[in-house]
**Q** 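Provided herewith is a single structure, encoded as structure tokens, for subsequent inquiry.
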Amino acid sequence: MKKRDTRILLVDDEPDILEIIGYNLSSEGYQIITAENGVEAIAKAKKQKPHLIILDVMMPEMDGIEACEKIRGIPELSETVITFLTARGEDYSQVAGFEAGADDYITKPIKPKVLISKVKALLRRFKQTSEEDSLMKIGNLTINREEYKILKGKQEIILPRKEFELLALLASKPGKVFKREDILDRVWGNEVVVGGRTIDVHIRKLREKIGDERFKTVKGVGYKFVS
């Protein structure tokens with residue numbers, strides 16, 4: 001997907017934010033669409049079908065949380081990546097955002113280079129999601145990407161977001177060895193600075209919940225999912 005074909009909807013009630021972030025992203029070659037509140041964002045999202053929505057939380061008429069929930073209910077926008085952009089750093093605000101269906105969270109102010117790097121990582125996620133099946137069945141294991149649900153036989157297993165994304169990545173190509181650096185890039189992106197130990201911890205938890213036999217460590221390389 002070329003940059004000039006990539007549509008980003010930027011939603012914020014502060015004109016300065018729209019201008020600064022819009023300028024930096026358009027300078028990178030992206031198509032920028034702007035909206036000043038949640039109501040306008042939904043209307044433009046339906047019309048323009050953006051690949052990525054950068055959504056402020058605190059806005060008049062309709063806040064970002066409600067707008068995100070409504071956008072997530074629009075079938076044709078199911079693959080659109082949504083990230084919140086806000087000055088609020090409280091844990092409850094982040095939790096509310098993820099529960100509303102957001103894929104990520106950006107705290108402002110953010111340096112232009114960091115923002116661009118973040119956007120590139122989020123757009124890679126859109127490409128991966130659009131290319132992969134939303135429902136995977138491997139043996140007695142069913143992975144529903146759209147609903148973030150796991151079924152092992154008839155038993156529903158609840159996984160935290162990163163555990164789910166790690167499982168979905170490995171299970172997308174059973175038998176393939178995913179290198180550690182690829183896992184970090186595709187599951188964590190540029191969100192935080194994490195190391196190989198973080199992956200090990202998540203794999204250990206998945207082994208406990210899904211089954212130890214499903215995951216194989218390839219020393220010095222990474223992990224693979226065994227079907």
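Computed from a predicted model, the values in this text were never measured in an experiment.
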**Q** Grouping I, L, V, M, F, W and Y whenever their side-chain heavy atoms are under 4.5 Å apart, do L18 and L52 come out in a common cluster?
**A** yes
**Q** At what distance, to the nearest 0.5 angstrom, does CZ of R197 lie from CZ of R180?
**A** 9.5 Å
**Q** Once you round to the nearest 0.5 Å, how far does OH of Y223 lie from CZ of F178?
**A**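 Rounded to the nearest 0.5 Å, the OH-CZ separation comes to 14.5 Å.
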**Q** Can you check whether M62 reaches N37 side chain to side chain, under 4.5 Å on heavy atoms?
**A** no
**Q** Are L206 and V177 linked, directly or through other ILVMFWY residues, by side chains that come within less than 4.5 angstrom of each other?
**A**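 No: no chain of side-chain contacts under 4.5 Å links L206 to V177.
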**Q** Of the non-hydrogen atoms in D12 and E14, which two are nearest, and what is the gap between them?
**A**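 Answer, listing the atom of D12 first, then E14: OD1-N, 2.9 Å.
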**Q** Grouping I, L, V, M, F, W and Y whenever their side-chain heavy atoms are under 4.5 Å apart, do L55 and M58 come out in a common cluster?
**A** yes
**Q** Taking side chain as C-beta onward, heavy atoms only, is V81 less than 4.5 Å from P50?
**A**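 Side-chain contact under 4.5 Å: no.
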**Q** In this structure, would L167 and V218 fall into the same cluster of hydrophobic residues linked by side-chain contacts under 4.5 Å?
**A** no
**Q** Could you tell me whether a side-chain N or O of S117 sits under 3.5 Å from a main-chain N or O of K113, the two making a donor and an acceptor?
**A**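 No: the side chain of S117 does not pair with the backbone of K113.
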**Q** I would like to know whether T198 and H202 meet side chain to side chain contact (heavy atoms under 4.5 Å, CB included); could you show each step before the answer?
**A** CA-CA 6 Å; T198 301; H202 282 70; 3.8 Å; yes
**Q** Check step by step if side chain to side chain contact (heavy atoms under 4.5 Å, CB included) holds for Y23 and I32.
**A** CA-CA 9 Å; Y23 171 78; I32 303 302; over 6 Å; no
**Q** Between T217 and R207, does any side-chain donor sit less than 3.5 Å from a side-chain acceptor?
**A**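 The criterion, which ignores hydrogens and geometry beyond distance, is satisfied for R207 and T217.
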**Q** Is I74 reachable from I33 through a run of hydrophobic residues whose side-chain heavy atoms are each under 4.5 Å from the next?
**A**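 Yes; I74 is reachable from I33 via cluster members.
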**Q** Closer than 4.0 angstrom, basic N to acidic O: yes or no for R72 and D103?
**A**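 Result for this pair is yes, salt bridge flagged.
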**Q** With a 4.5 Å cut-off on side-chain heavy atoms, are L85 and I21 touching?
**A** yes
**Q** With rounding to the nearest 0.5 angstrom, report the CD to CZ distance, E147 to F164.
**A**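 Between E147 CD and F164 CZ, I get 9.5 Å after rounding to 0.5 Å.
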**Q** Judged by atom type as modelled, is there a donor-acceptor pair below 3.5 Å linking the side chain of K173 to the main-chain atoms of L170?
**A** no
**Q** If you count the non-hydrogen atoms of other residues, nucleotides and ligands that lie under 6.0 Å from NZ in K70, is the total more than 12?
**A**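 Not buried by this count: 12 neighbours or fewer within 6.0 Å.
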**Q** Is there a side-chain contact between K118 and D104 in this structure, where contact means two heavy atoms from C-beta onward sitting under 4.5 Å apart?
**A**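 Result yes, sub-4.5 Å side-chain heavy-atom pair found.
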**Q** Would you say R7's side chain and Q48's backbone share a donor-acceptor pair under 3.5 angstrom?
**A** yes
**Q** When you measure from the side chain of T6 to the backbone N and O of Y30, does any donor-acceptor pair fall under 3.5 Å?
**A** no
**Q** Which heavy-atom pair separates L123 from H51 by the least distance, and what is that distance?
**A**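 The pair with the smallest heavy-atom distance is CD2-CB, 4.1 Å.
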**Q** So, E165 and K162, do they make that salt bridge, N to O below 4.0 Å?
**A**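 Yes.
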**Q** Between I106 and V114, is any pair of side-chain heavy atoms under 4.5 Å apart?
**A**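 A side-chain contact under 4.5 Å is absent here.
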**Q** How far apart are the closest heavy atoms of C68 and G101, and which atoms are they?
**A**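 That would be SG-C, 3.9 Å.
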**Q** Atom CG of L151 and atom CG of N144: how far apart are they, to the nearest 0.5 Å?
**A** 8.0 Å
**Q** How far apart are the closest heavy atoms of R214 and N140, and which atoms are they?
**A** NH2-OD1, 3.1 Å
**Q** Does a side-chain heavy-atom distance below 4.5 Å link L9 with T80?
**A**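 The answer is no, as the side chains (C-beta and beyond) never meet within the 4.5 Å cut-off.
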**Q** Can you find a pair of side-chain heavy atoms, one from F225 and one from I138, that are under 4.5 Å apart?
**A**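 Sidechains of I138 and F225: in contact.
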**Q** Testing the basics here: between E69 and A100, what is the closest heavy-atom pair and its distance to 0.1 Å?
**A**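 Reported closest heavy-atom pair: CG-CB, 3.6 Å.
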**Q** Using every non-hydrogen atom in the two residues, find where E40 and T34 come nearest and quote the distance to one decimal.
**A**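 Smallest interatomic distance, heavy atoms only, reads OE2-O, 3.9 Å.
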**Q** Find out whether D200 and R204 are in side-chain contact, i.e. whether some heavy atom of one side chain is under 4.5 Å from a heavy atom of the other.
**A**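 Counting from C-beta outward, D200 and R204 never come under 4.5 Å.
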**Q** Within this structure, what is the CD1-CG distance for the pair I8 and L25, rounded to the nearest 0.5 Å?
**A**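 It comes to 5.0 Å.
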**Q** Find the distance between CD1 (I203) and CD1 (I210) and round it off to the nearest 0.5 Å.
**A**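 Going from CD1 on I203 over to CD1 on I210, the span is 11.0 Å.
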**Q** Can you tell me if R145 uses its side chain to pair, donor with acceptor, with the backbone of A168 under 3.5 Å?
**A** yes
